[in-house]
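Not measured: the values here are computed from a predicted model.
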Amino acid sequence: QVQLVESGGGSVQAGGSLRLSCAASGRTFNYYAMGWFRQAPGQEREFVAGISWGGGSTNYADSVKGRFTISRDNAKNTVYLQMNSLKPEDTAVYYCATAPVSGVVTDSRLYNYWGQGTQVTVSS
């Protein structure tokens with residue numbers, strides 16, 4: 001069993017920054033891909049960013065490229081999402097997830113453990 005706990009969400013004005021963290025526990029963190037997804041009210045959950053187990057490969061949704069950065073610290077069993085130049089349309093609940101593969105994964109169906117989510121609200 002794997003437990004994922006997100007933190008770092010909050011309310012910011014447009015143009016501001018937030019850094020989300022996701023701490024994993026329960027099994028070896030190193031050999032699994034990690035990802036961040038988000039879900040806004042009335043919308044489906046969407047892929048935001050993904051990172052390979054070693055951290056050498058990343059992938060981003062077009063809507064966040066150049067503004068968000070995903071990273072991981074395997075020694076701390078933690079994955080991060082640095083969010084800069086936030087926009088009101090970034091408002092959503094953000095979830096981290098882990099997939100039992102080594103490469104970057106964008107398909108939510110391949111992720112088998114999910115955190116409880118953290119709310120990010122960006123005001124204009």
Student: Group every Ile, Leu, Val, Met, Phe, Trp and Tyr by side-chain heavy-atom contacts under 4.5 Å, then state whether V2 and F37 land in the same group.
Tutor: no
Student: Looking at every non-hydrogen atom in both residues, tell me the closest pair between L18 and L86 and how far apart they are.
Tutor: N-CD1, 3.9 Å
Student: Does some side-chain heavy atom of Y80 sit less than 4.5 Å from a side-chain heavy atom of D73?
Tutor: yes
Student: Please report the interatomic distance CG(N74) to CE(M34), rounded to the nearest 0.5 Å.
Tutor: 9.5 Å
Student: Are Y111 and V93 in one and the same hydrophobic cluster, where Ile, Leu, Val, Met, Phe, Trp and Tyr link if side-chain heavy atoms are under 4.5 Å apart?
Tutor: yes
Student: Just how far is it from atom OG of S7 to atom CZ of R19, taken to the nearest 0.5 Å?
Tutor: 9.5 Å
Student: Using the rule that two of Ile, Leu, Val, Met, Phe, Trp, Tyr join whenever any of their side-chain heavy atoms come within less than 4.5 Å, decide whether V120 and Y95 are in one cluster.
Tutor: no
Student: Between Y94 and E6, is there a side-chain heavy-atom distance shorter than 4.5 Å?
Tutor: no
Student: Tell me the closest heavy-atom pair linking V105 and A33, and the distance in Å.
Tutor: CG2-CB, 4.1 Å
Student: Distance from R67 atom CZ to S85 atom OG, nearest 0.5 Å?
Tutor: 7.0 Å
Student: Can you check whether W36 and F68 have ring centres sitting under 6.0 Å from each other?
Tutor: no
Student: For residues R38 and S63, determine if any side-chain heavy atom of one lies less than 4.5 Å from a side-chain heavy atom of the other.
Tutor: yes
Student: Given side chains that start at C-beta, do those of L20 and M83 come closer than 4.5 Å, heavy atoms only?
Tutor: yes
Student: May I ask you to check whether Y32 and Y113 place their ring centres under 6.0 Å from each other?
Tutor: no
Student: Locate the shortest heavy-atom distance separating W114 from S108; write the atom from each residue and the value.
Tutor: CZ2-O, 3.6 Å
Student: Going from CG on L81 to OG1 on T118, what distance comes out if it is rounded to the nearest 0.5 angstrom?
Tutor: 11.0 Å
Student: Do V79 and I51 make a side-chain contact, defined as non-hydrogen atoms from C-beta onward lying under 4.5 Å apart?
Tutor: yes
Student: Please work out whether the ring planes of W53 and Y31 are parallel, tilted or perpendicular, with thresholds of 30° and 60°.
Tutor: tilted
Student: Walk me through whether L110 and V101 qualify under side chain to side chain contact (heavy atoms under 4.5 Å, CB included).
Tutor: CA-CA 9 Å; L110 298 180; V101 298; 6.0 Å; no
Student: Do K87 and D90 meet the salt-bridge criterion of a basic N to acidic O distance under 4.0 Å?
Tutor: no
Student: Yes or no on side chain to side chain contact (heavy atoms under 4.5 Å, CB included) for T69 and Y60, after CA distance, side-chain angles and deciding distance?
Tutor: CA-CA 8 Å; T69 302; Y60 297 91; 3.8 Å; yes
Student: Can you give me the closest heavy-atom contact between T91 and Q119, atom names plus distance?
Tutor: CG2-NE2, 4.0 Å
Student: What distance separates S124 OG from E89 CD, expressed to the nearest 0.5 Å?
Tutor: 10.0 Å
Student: State the OG-CD1 distance between S57 and I70, to the nearest 0.5 angstrom.
Tutor: 11.5 Å
